2 protein chains.
Amino acid sequence: MAKSLHSKLTRRERQIVDILYRRRRATAAQVMEDMVGDVSYSTVRTQLRVLEEKGHVRHDAEGLRYVYSPKVPRSTARRSALTHLVDTFFDGSTEKVVAALLGSDGGQVSDDELARIADMVAKAQDEGEQ
Amino acid sequence: MAKSLHSKLTRRERQIVDILYRRRRATAAQVMEDMVGDVSYSTVRTQLRVLEEKGHVRHDAEGLRYVYSPKVPRSTARRSALTHLVDTFFDGSTEKVVAALLGSDGGQVSDDELARIADMVAKAQDEGEQ
DNA sequence: GCAGATGTGTTATAAAAATAGCATATGGCT
DNA sequence: AGCCATATGCTATTTTTATAACACATCTGC
């Protein structure tokens, strides 16, 4: 099994990369905005640079400023994270994840809801993955 | 939004706690077995102790030895992790996660498969969550 | 009842991570 | 042209993490 990309990042690094995945791309200033707790701009920049050195992140120089983005494609990271989560918390059971996703109120899944699943899945598939 | 429990753990700590979630409960020796790379028994024990001090893990003294388990209920950690993953990689879209789970071969979802989802969900719900 | 395997308690230390300061460059605005 | 806000480049330092050694306790089989 391919080891998750995950595991090589430190706490802060993970936090930053996650922000980049959410935003797709962001400047140091934007990343800083999204950080919990207060971290100096300088610190964030340093982390981004280190992340780049380690090969986890890249930047495009846009005019003057750097716009950072994760080097690993979102779809790849996604699958990796999903696999890890399913293994760790759901005994490798896809069904259990689906159940957890749908039963977020802790309640039962009605027939109507099942019908909705079909629609959701079909729709998501149509959208095509970036 | 409640911040994920996740974020407070270091890399190794996260790795260890994940092992505990997979196994539900484990001795230091068992945790060591599951660790990637080789880490000494002593190291693992130290980490477990630190995790316990920090309140992430607890142990039951069973006869002589300690059996460790995560302090945060699996179901809670689960939901938290799932939420974080959905937000980070799936734009908060439950549908997209379901699609990713089902389309693991990158292919389309057939009607048969949709029928299977219904079964899976119903089954998972029956099992009831621990 | 003793030797060896398997545990725990405690403490030390090297390595890595997190944080941030200072110097300098650029772009826009008046 | 000069100033200010916003950037980057480089470097230093503190804090945290990760690792493991050593000492002592308990159980097990002979």
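Proteins get letters first, then strands, A, B, ... in listed order; numbering begins at 1 in each. In this text, all values refer to a predicted model and were calculated from it rather than measured experimentally.
Taking every nucleotide of DNA chain D with any atom under 4.0 Å from a non-hydrogen atom of chain B, the first and last of them, 5' to 3', are D:dT17 to D:dT26.
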Please enumerate all protein N or O atoms sitting under 3.5 Å from an N or O of nucleotides 7-13 of chain C, with distances to 0.1 Å.
residue	atom	partner	partner atom	Å
C:dT8	OP1	B:Y66	N	2.7
C:dT8	OP2	B:Y41	OH	3.0
C:dT8	O3'	B:Y66	OH	3.3
C:dG9	OP1	B:Y66	OH	2.9
C:dG9	N7	B:R45	NH1	3.1
C:dG9	O6	B:R45	NH2	3.0
C:dT11	O4	B:R49	NH2	3.2

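When rounded to the nearest whole Å, the span between CZ of B:R11 and P of C:dA15 equals 15 Å. For A:E53 and C:dA17, the CD to C1' distance is 13 Å, given to the nearest whole Å. The CE-P distance, from A:M35 to C:dA20, rounds to 10 Å in whole Å.
Between A:D34 and A:R23 there is a salt bridge, since at least one side-chain N of the basic residue sits less than 4.0 Å from a carboxylate O of the acidic one. Ion pair A:R22/B:D87 not flagged as a salt bridge, since none of the NZ, NE, NH1 or NH2 atoms sits closer than 4.0 Å to an Asp/Glu carboxylate oxygen. Ion pairing between A:D60 and A:R65 fails under the 4.0 Å rule for side-chain N and carboxylate O.
Summary for the helix from C:dG1-D:dC30 to C:dT30-D:dA1: the axes at its two ends, each from 5 pairs, differ by 20° when rounded to the nearest 10 degrees.
In this structure, B:E52 has no salt bridge (Lys or Arg N to Asp or Glu O under 4.0 Å) partners at least two apart in sequence or on a different chain. By the salt bridge (Lys or Arg N to Asp or Glu O under 4.0 Å) test, B:R49 pairs with B:E53, sequence neighbours left out. Annotation: side chain to side chain donor-acceptor pair (under 3.5 Å) contacts of B:K54 (sequence neighbours excluded): B:E13.
The side-chain heavy atoms of B:R45 and B:M32, taken from C-beta on, include no pair separated by under 4.5 Å. The shortest side-chain heavy-atom distance between B:S40 and B:T43 falls under the 4.5 Å cut-off.
Across all their heavy atoms, B:Y41 and B:A28 have their closest contact at CE1-CB, 3.7 Å.
The phosphate of C:dG21 has neither OP1 nor OP2 within less than 4.0 Å of any side-chain N or O from A:S40.
The backbone N or O of A:H84 sits less than 3.5 Å from a side-chain atom of A:T88, completing a donor-acceptor pair. B:T46 places a side-chain N or O within donor-acceptor distance of the main-chain N or O of B:S42, the cut-off being under 3.5 Å.
Between A:G63 and A:Q47, the one whose closest nucleotide on DNA chain C sits nearer the 5' end is A:Q47.
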